[in-house]
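Before any comments, here is the structure.
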Amino acid sequence: MRVVALRALGLGDLLTAVPALRALQERADMGRAPIGSGGAEAHGRSTVMVAAPAALAPLVRLTGCDPVTAAPLAPLPPEAGGADLLVNLHGRGPQSHRVALAAKPGRLIAFAHPDVTASRGMPAWRPDEHEVLRWCRLLEESGIPADPARLKLPDPGVPPTGEDTTGATVVHPGAASGARRWPAARFADVAAEEARTGRQVVITGGPEEQALAHEVARRAGLDADAVLAGRTDLLQLATVVARAGRVVCGDTGVAHLATALGTPSVLLFGPTSPLLWGPPTPSTPPAPPDGPARHRVLWAGRTGDPHADQPDAGLLAIVPADVLGALTSLP
């Protein structure tokens, strides 16, 4: 049975879809094993193909799926065509529905959209639904059991070369938009205090965030060697997060890495509600797999434009003392 999941988005988007991908993997295994043949174990393991950006391929493999390169709303490559089942985990449509239908799957699972006839009768989109629950519900209402608590990923085991960072405090100051980027000076205050208490501190980021990371390190009085930004690939970054003592960051893909890898974290939200994109908590089912104290979410309770250029007012309402207080309560 060939199953394709369309999720041609970012790192956080991929990680919030992990429980749905695991459910699809099990469905593919069931579809492969003939009735009375002893189940999937007797016939090997089928693989779900995940259509996602090439940069995310290493993490797709870490979920147990096979990556196939796809860009947002672009036609799917030939190897994703003609699947027995294609699940649109991209959005509510209609553009992504049409991309999925153009791949001519045997069956499409997607949210209903009035402009796409083939989606009539499919599950309804709920705008105020936690992102993890959304995709599990899509599968559940389409006849595929999905457990939203299955978020965990294993340690990738690919540490960067250089000094061992096991147990370090990871400070990740970057974010995709200015609205979600807490000021560098405030990250530096947190990093400096963590270093003062004797903790090793490292500053992470992508190649385009090296200047920001070095600014935080300089303001915090850290050596340049503390900056890992631009010196790690995706799996190395994930390994750093997996082996860290704690993570401090905004509403970014690294926040979702901390959740998926079970690393204690303090996460700064604004302008997007953590009730939609934050780690699972007692008030946002599914129940957190690591206990409610492992991840501390700071949020002023306001929402705004997540794509704006300037830091959101709600995010700016969070001050370094709030973050340092939350850090003291982590396990």
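Values below: every heavy atom of this structure, side chains too, minus hydrogens, waters and symmetry copies. Position 1 is the first residue of the sequence; numbering continues from there.
Residue Cys65 comes nearest to Val48 through the heavy atom pair CB-O, 3.2 Å, listed as atom of the first residue, atom of the second, then distance. Gly205 approaches His172 most closely through the heavy-atom pair CA-CE1, 3.6 Å. Listed here is the closest heavy atom pair of Ala23 and Ala146: CB-CB, 3.7 Å. Leu275 approaches His130 most closely through the heavy-atom pair O-CD2, 3.3 Å. The two atoms that bring Pro148 and Leu151 nearest to each other are O-CG, 3.8 Å, heavy atoms only. The two atoms that bring Asp312 and Gly304 nearest to each other are OD1-CA, 3.9 Å, heavy atoms only.
In this structure, the separation between CG on Asp305 and OG1 on Thr303 is 10.5 Å, given to the nearest 0.5 Å. Once rounded to the nearest 0.5 Å, the distance linking CG of Leu139 with CG of Leu89 reads 6.5 Å. Put simply, CZ on Arg294 and CG on Leu330 are 9.5 Å apart, with the number rounded to the nearest 0.5 Å. Residue Thr16 holds its OG1 atom at 11.5 Å from CG of Leu276, rounded to the nearest 0.5 Å. For the atom pair CG (Leu6) and CD1 (Ile109), the distance works out to 13.0 Å, reported to the nearest 0.5 Å. To the nearest 0.5 Å, atoms SG (Cys136) and CG (Asp147) are separated by 7.0 Å.
Using a cutoff of 4.0 Å between basic side-chain nitrogens and carboxylate oxygens, Glu215 and Arg219 are scored as salt-bridged.
Judged as a side chain to side chain contact (heavy atoms under 4.5 Å, CB included), and not counting sequence neighbours, the contacts of Ala110 are Asn88, His97, Leu108, Met122. When the salt bridge (Lys or Arg N to Asp or Glu O under 4.0 Å) test is applied to Glu209, no partner is found at least two apart in sequence or on another chain. Scanning for side chain to side chain contact (heavy atoms under 4.5 Å, CB included) contacts around Ala175 gives Arg180, Arg181, Thr252, with sequence neighbours left out. Listed by chain and number, the residues in a side chain to side chain contact (heavy atoms under 4.5 Å, CB included) with Ala317 are Ala300, Arg302 (sequence neighbours excluded). Applying the salt bridge (Lys or Arg N to Asp or Glu O under 4.0 Å) rule to Glu131 yields the partners Arg7, Arg134; only residues at least two apart in sequence or on another chain are considered. For Arg137, the salt bridge (Lys or Arg N to Asp or Glu O under 4.0 Å) partners at least two apart in sequence or on another chain are Glu129, Glu141. In this structure Ala326 satisfies the side chain to side chain contact (heavy atoms under 4.5 Å, CB included) test together with Val266, Arg296, Leu298, sequence neighbours excluded.
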Report task. Check the pair Val3, Met1 against side chain to side chain contact (heavy atoms under 4.5 Å, CB included), reporting the backbone distance first and the verdict last. Result -> CA-CA 6 Å; Val3 178; Met1 182 177 185; 4.1 Å; yes

Query raised in the report: What do the steps show when you test Trp299 against Phe269 for ring-ring contact (aromatic ring centres under 6.0 Å, His included), and what is the final call?
Result: CA-CA 5 Å; Trp299 181 49; Phe269 271 77; 8.0 Å; no

Query raised in the report: Are Thr63 and Leu153 close enough, and set up right, to give a side chain to side chain contact (heavy atoms under 4.5 Å, CB included), and what steps lead you there?
Result: CA-CA 7 Å; Thr63 71; Leu153 289 178; 4.0 Å; yes

Report task. Please assess Leu228 against Val240 for the test side chain to side chain contact (heavy atoms under 4.5 Å, CB included), listing each intermediate value before the final yes or no. Result -> CA-CA 10 Å; Leu228 298 183; Val240 169; 4.1 Å; yes

Requested in this report: Evaluate side chain to side chain contact (heavy atoms under 4.5 Å, CB included) for Leu73 paired with Ser96, printing each intermediate quantity in order.
Outcome: CA-CA 6 Å; Leu73 302 180; Ser96 58; 3.9 Å; yes

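Among residues at least two apart or in separate chains, salt bridge (charged side-chain N to carboxylate O under 4.0 Å, His left out) pairs with a member in residues 225-244 are Asp155-Arg243. For residues 58-82, no residue pair satisfies the salt bridge (charged side-chain N to carboxylate O under 4.0 Å, His left out) rule, not counting sequence neighbours. Sorted by first then second residue, the salt bridge (charged side-chain N to carboxylate O under 4.0 Å, His left out) pairs that include residues 244-253, not counting sequence neighbours, are Glu194-Arg246. Applying the salt bridge (charged side-chain N to carboxylate O under 4.0 Å, His left out) test to residues at least two apart or on different chains, none of the pairs has a partner in residues 100-117. Screening residues 187-240 for ring pair (Phe, Tyr, Trp, His ring centres under 6.0 Å), with sequence neighbours left out, gives Trp182-Phe187.
In the hydrophobic clustering of this structure, Val18 groups with Leu24; members are Ile, Leu, Val, Met, Phe, Trp, Tyr whose side-chain heavy atoms approach within less than 4.5 Å, directly or through other members. By the rule that hydrophobic residues join a cluster once side-chain heavy atoms approach within less than 4.5 Å of another member, Val201 and Val216 end up as members of one cluster. Tracing side-chain contacts under 4.5 Å through hydrophobic residues (I, L, V, M, F, W, Y), one reaches Leu21 starting from Leu15; they form part of the same cluster. By the criterion of side-chain heavy atoms lying less than 4.5 angstrom apart, applied directly or through intervening Ile, Leu, Val, Met, Phe, Trp or Tyr residues, Val254 is not grouped with Val323; the two fall into different hydrophobic clusters. When the side chains of ILVMFWY residues are joined at heavy-atom separations under 4.5 Å, either directly or via intervening members, Val60 and Val4 end up in two distinct hydrophobic clusters.
Residues Thr232 and Thr204 fail the side-chain proximity criterion, which asks for heavy atoms closer than 4.5 Å. In this structure, the side chains of Ile144 and Leu85 come closer than 4.5 Å at one or more pairs of heavy atoms. Annotation: side chain of Val170 is not in contact with side chain of Val248 (no heavy-atom distance under 4.5 Å). Using a 4.5 Å cut-off on side-chain heavy atoms (C-beta onward), Arg186 and Pro183 make contact. Taking the side chain as every heavy atom from C-beta outward, Leu86 and Leu101 never approach each other to under 4.5 Å. Between Leu56 and Leu11 the shortest side-chain heavy-atom distance falls below 4.5 Å. You'll find the side chain of Pro145 stays beyond 4.5 Å of the side chain of Arg27, heavy atoms only. Under the 4.5 Å side-chain criterion, counting only non-hydrogen atoms from C-beta, Pro173 is in contact with Ile203.
Between the side chain of Thr263 and the main chain of Val241, a donor-acceptor pair closer than 3.5 Å is present. Under a 3.5 Å cut-off, the side chain of Arg199 and the backbone N or O of Ala168 do not form any donor-acceptor pair. Gln236 contributes no side-chain N or O that, together with a main-chain N or O of Val158, makes up a donor-acceptor pair within less than 3.5 Å. With Gln210 contributing its side chain and Pro207 its backbone, the two residues share a donor-acceptor pair below 3.5 Å. Not a single donor-acceptor pair under 3.5 Å links the side chain of Ser265 to the backbone N or O of Leu267.
Screening Val297, Ile318, Asp322 for a side-chain contact (heavy atoms from CB on, under 4.5 Å) involving Leu268 leaves a single residue, Ile318.
Defined by atom type and a distance below 3.5 Å, a donor-acceptor pair is missing between the side-chain atoms of Ser119 and His113.
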